[in-house]
Enquirer: 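Please see the structure below; I have some questions.
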There are 2 protein chains.
Amino acid sequence: MARTAGSHSDITGPRIRTAALRLFAQSGFAAVSMRQIAGEVGVQVGALYNYTPDKQTLLFALMDEHMQSLLSAWEEEPKGDTPKARLEAFARFHIRFNLERAEAVFISYMELRNLTPENFLAIEAQRRRYETALEEILSDGVAAGAFTISDPKVASLAIIAMLTGVNTWYRAGGRLSLDQVQTLYWDMVRQMVGAD
Amino acid sequence: MARTAGSHSDITGPRIRTAALRLFAQSGFAAVSMRQIAGEVGVQVGALYNYTPDKQTLLFALMDEHMQSLLSAWEEEPKGDTPKARLEAFARFHIRFNLERAEAVFISYMELRNLTPENFLAIEAQRRRYETALEEILSDGVAAGAFTISDPKVASLAIIAMLTGVNTWYRAGGRLSLDQVQTLYWDMVRQMVGAD
DNA sequence: CTTTTATCTGAACGTCTGTTCAGATAACCT
DNA sequence: AGGTTATCTGAACAGACGTTCAGATAAAAG
């Protein structure tokens with residue numbers, strides 16, 4: 001047999017990425033076989049290699065796609081005009097965006113060690129750009145006398161770790177709504193940086 | 001050939017656990033083979049099965065050992081007599097202990113999905129005990145009027161995520177000493193909970 | 001309608017996987 | 001010194017792994 005009815009690269013391509021994302025997040029990159037991914041898509045293994053040169057590149061593509069959409073989504077996010085407003089926007093954005101893409105967030109953090117050195121550097125550079133965006137908000141706030149923090153660099157890492165932690169426990173339909181969680185965390189961040 | 005000169009279970013056992021810890025942390029549970037572990041110890045694969053019934057149990061043993069030593073180390077840690085003092089002790093303890101055992105911390109978080117359901121529950125229960133210890137400090141502080149936080153449960157998760165995040169960037173010999181990092185984070189936690 | 005091209009199958013490849021076990025030998029016990 | 005036991009080797013098992021590729025066929029192009 002050969003090409004199947006209704007086979008299209010613009011359909012199979014996304015389905016492969018979706019299946020890989022789900023499986024990698026669930027079981028880990030190394031524990032997922034190409035045959036499993038193919039099975040989820042409903043295709044034979046060999047077909048995957050029309051869409052990726054190898055397994056490792058497939059992983060990188062997922063991470064890269066995620067980091068790029070994170071960065072561009074933040075750039076398009078409406079920002080406040082004071083450091084405090086910008087910090088609130090960042091906190092709320094980070095929680096919402098990460099909860100919407102929990103699988104990609106999980107993978108982009110957990111599977112870094114499965115990247116080749118150059119691919120690792122590419123992802124890390126994007127992550128640093130995002131961290132720097134927060135660090136600049138904090139530095140601006142300190143310069144303007146709005147925040148009282150002694151080390152904006154460390155504070156930015158602390159805030160991001162704290163906000164990303166929501167992903168480990170939040171479940172839709174639980175005790176708290178997304179908006180309640182965002183408000184709770186913004187309150188904590190606000191107090192932490194000493195904003196009024 | 002057979003038993004080698006100087007072979008002892010009280011030597012090989014710990015060496016297997018140490019090697020497994022290092023390799024699992026470096027490459028991930030699924031990516032590490034029993035032969036790799038054996039090679040690191042300087043022994044043939046079959047010998048490992050004198051020390052663990054299977055690979056999965058070896059992983060669980062490492063995690064369980066880590067969680068138990070975390071819990072008992074915290075119990076033996078000198079506590080303050082006020083909520084604020086106890087919170088400071090917790091923050092400093094958490095950072096120090098986690099940095100001292102970075103590999104075990106990493107594994108105990110990353111490899112949860114490679115555990116069998118019952119082993120997963122066992123580790124999760126220990127983690128929850130630890131989280132509850134912090135939550136109680138926060139609740140006590142709120143009751144005593146020392147802290148201003150609206151949700152101690154969420155705040156405990158936020159603080160732990162924030163403190164654990166130190167492991168992702170701190171390197172001994174870098175810009176900041178351990179003590180400086182502990183002080184920086186304690187300042188942030190203190191402001192976050194609204195302690196004076 | 002015919003030709004070209006994109007897409008997929010099915011089978012194969014060499015290698016690696018976790019685990020088992022009979023046999024060998026060092027270490028311990030009496 | 002001799003017997004027992006704990007520890008390790010070396011080989012084997014069946015199955016899974018990532019990747020390749022010739023051949024088949026649906027879809028697109030002319």
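First the proteins, then the strands, lettered A, B, ... as listed; each starts at 1.
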Enquirer: F29(B) ring centre to K55(B) NZ or CZ under 6.0 Å, with the angle to the axis within 45°?
Expert: yes
Enquirer: So, does Q182(A) use its side chain to make a donor-acceptor pair with the main chain of R92(A) at under 3.5 Å?
Expert: yes
Enquirer: Rounded to whole angstrom units, what separation is found between the CG atom of L59(B) and the P atom of dG18(C)?
Expert: 13 Å
Enquirer: To the nearest Å, give me how far apart CG (L48(A)) and P (dG18(D)) are.
Expert: 10 Å
Enquirer: Starting at atom CD of Q44(B), determine the distance to atom C1' of dT25(C), rounded to an integer number of angstrom.
Expert: 15 Å
Enquirer: When you check the gap from the basic side-chain N to the acidic O, do R129(B) and E75(B) get nearer than 4.0 Å?
Expert: yes
Enquirer: Can you identify which nucleotide, out of dT19(C), dT19(D), dC8(C), has its nearest atom closest to the K55(A) side chain?
Expert: dT19(D)
Enquirer: Quick one: do E40(B) and R35(B) make a salt bridge, cutoff under 4.0 Å?
Expert: no
Enquirer: Rounded to the nearest Å, what distance is computed from the CG atom of residue D54(A) to the C1' atom of nucleotide dG18(D)?
Expert: 9 Å
Enquirer: Pull out every protein N or O sitting under 3.5 Å from an N or O of nucleotides 5-7 of chain D, one pair per line with the distance.
Expert:
unit_1, atom_1, unit_2, atom_2, d
dA6(D), N3, R3(B), NH1, 2.8
dT7(D), OP1, S9(B), N, 3.3
dT7(D), OP1, S9(B), OG, 2.7
dT7(D), O3', S7(B), OG, 3.4

Enquirer: If I take atom CG in residue N114(B) and atom P in nucleotide dG18(C), what distance separates them, rounded to the nearest angstrom?
Expert: 12 Å
Enquirer: Specify the separation, in whole Å, of atom CZ of R35(B) and atom C1' of dT17(C).
Expert: 6 Å
Enquirer: Please check if atom CG in D196(A) has more than 12 non-hydrogen atoms from other residues, nucleotides or ligands closer than 6.0 Å.
Expert: no
Enquirer: Is V41(B) touching bases, backbone alone, or none of the nucleic acid, heavy atoms closer than 4.0 Å?
Expert: nothing
Enquirer: What is the distance from OH of Y49(B) to C1' of dG10(D), rounded to the nearest Å?
Expert: 15 Å
Enquirer: Ring centres of Y170(B) and Y185(B) under 6.0 Å apart?
Expert: no
Enquirer: What do you reckon, are the aromatic ring centroids of W74(A) and F97(A) less than 6.0 Å apart?
Expert: no
Enquirer: Rounded to whole angstrom units, what separation is found between the CZ atom of F29(A) and the C1' atom of dC17(D)?
Expert: 12 Å
Enquirer: Mapping A47(A) and M34(A) onto DNA chain D by nearest heavy atom, which one lands closer to the 5' end?
Expert: M34(A)
